[in-house]
Amino acid sequence: MITATTCTFPRPGKVELPKEPDAALAAHHGARVLLVDDICGTGSTYRAVIPWLATHLAPAAVRAAALCRSKASAFTPDTWVWDTLDWVVFPWNEPVLTSEDLIVPASLRGRSALSESEVEANERGDHG
């Protein structure tokens, strides 16, 4: 098994791979390989791992599979279950901050901080 780490921040698409395969993987030199990832988002993981496999294992064949594939991906695996254009969070992913998590709410002015004329203007929809 190869663990490839694909960065999403600060450099999206940067894939980190081991310099050499471990002994268990190296034992499969020349074998047929099925490369599986949960998502084919940009395709950068596949585009990095396939040449790595060719260099280190010289596989007889490589097939690529994914649970889901982004319709915007530059790579298309041989097999996938569904297409998506949305951000996908799997149950095994760490929680992802959303833009709502990053927004610091401004202090709100309560009705008591508004003058009577401002309250009336807001109720009329006059925001000018």
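Counting begins at 1 with the first residue of the sequence.
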Decide whether [X] and [Y] are clustered together by the hydrophobic rule: side chain heavy atoms of Ile, Leu, Val, Met, Phe, Trp, Tyr closer than 4.5 Å, transitively.
| X | Y | answer |
| --- | --- | --- |
| Leu85 | Trp82 | no |
| Val88 | Val81 | yes |
| Ile50 | Ile39 | no |

Identify the heavy atoms of [X] and [Y] that sit nearest to each other, and give their distance.
| X | Y | value |
| --- | --- | --- |
| Pro77 | Ala64 | CB-O, 3.5 Å |
| His29 | His56 | CD2-O, 3.6 Å |
| Leu57 | Ala26 | CD2-CA, 4.0 Å |
| Ala24 | His28 | O-CD2, 3.1 Å |
| Leu17 | Val49 | CD2-CG2, 3.7 Å |

- Note on the structure: The reported gap from OH in Tyr46 to CG in Asp37 (rounded to nearest 0.5 angstrom) is 4.5 Å
- Query: In Å and rounded to the nearest 0.5 Å, what is the CG to CG distance from Leu25 to Leu53?
  - Reply: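 The CG atom of Leu25 sits 7.0 Å away from the CG atom of Leu53.
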- Message: Could you walk me through whether Asp38 and Asn93 satisfy the side-chain contact (heavy atoms from CB on, under 4.5 Å) test, starting with their C-alpha distance in whole Å, then the side-chain angles of each, then the deciding distance to 0.1 Å, before giving a yes or no?
- Response: CA-CA 10 Å; Asp38 53 5; Asn93 293 137; 4.3 Å; yes
- Query: Which residues pass the ring pair (Phe, Tyr, Trp, His ring centres under 6.0 Å) test with Trp92, sequence neighbours left out?
  - Reply: Phe90
- Query: Is the number of heavy atoms from other residues, nucleotides or ligands within 6.0 Å of CZ (Arg63) greater than 12?
  - Reply: no
Which pairs would a plain distance check flag for residues 66-75, meaning a side-chain donor or acceptor within less than 3.5 Å of a matching protein atom at least two apart in sequence or in another chain?
unit_1: Arg69; atom_1: NE; unit_2: Asp83; atom_2: OD1; d: 3.0
unit_1: Arg69; atom_1: NH2; unit_2: Asp83; atom_2: OD1; d: 2.9
unit_1: Ser70; atom_1: OG; unit_2: Ala72; atom_2: N; d: 3.1
unit_1: Ser73; atom_1: OG; unit_2: Thr42; atom_2: O; d: 3.4
unit_1: Ser73; atom_1: OG; unit_2: Phe75; atom_2: N; d: 3.0
unit_1: Ser73; atom_1: OG; unit_2: Phe75; atom_2: O; d: 2.8

- Where do Trp80 and Cys40 land on the side-chain contact (heavy atoms from CB on, under 4.5 Å) test, with the steps shown first? CA-CA 9 Å; Trp80 66 95; Cys40 178; over 6 Å; no
- Side-chain donor/acceptor of Trp52 to backbone N/O of Pro18, under 3.5 Å: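 Yes; judged by distance alone, with no hydrogens or angles, the pair exists.
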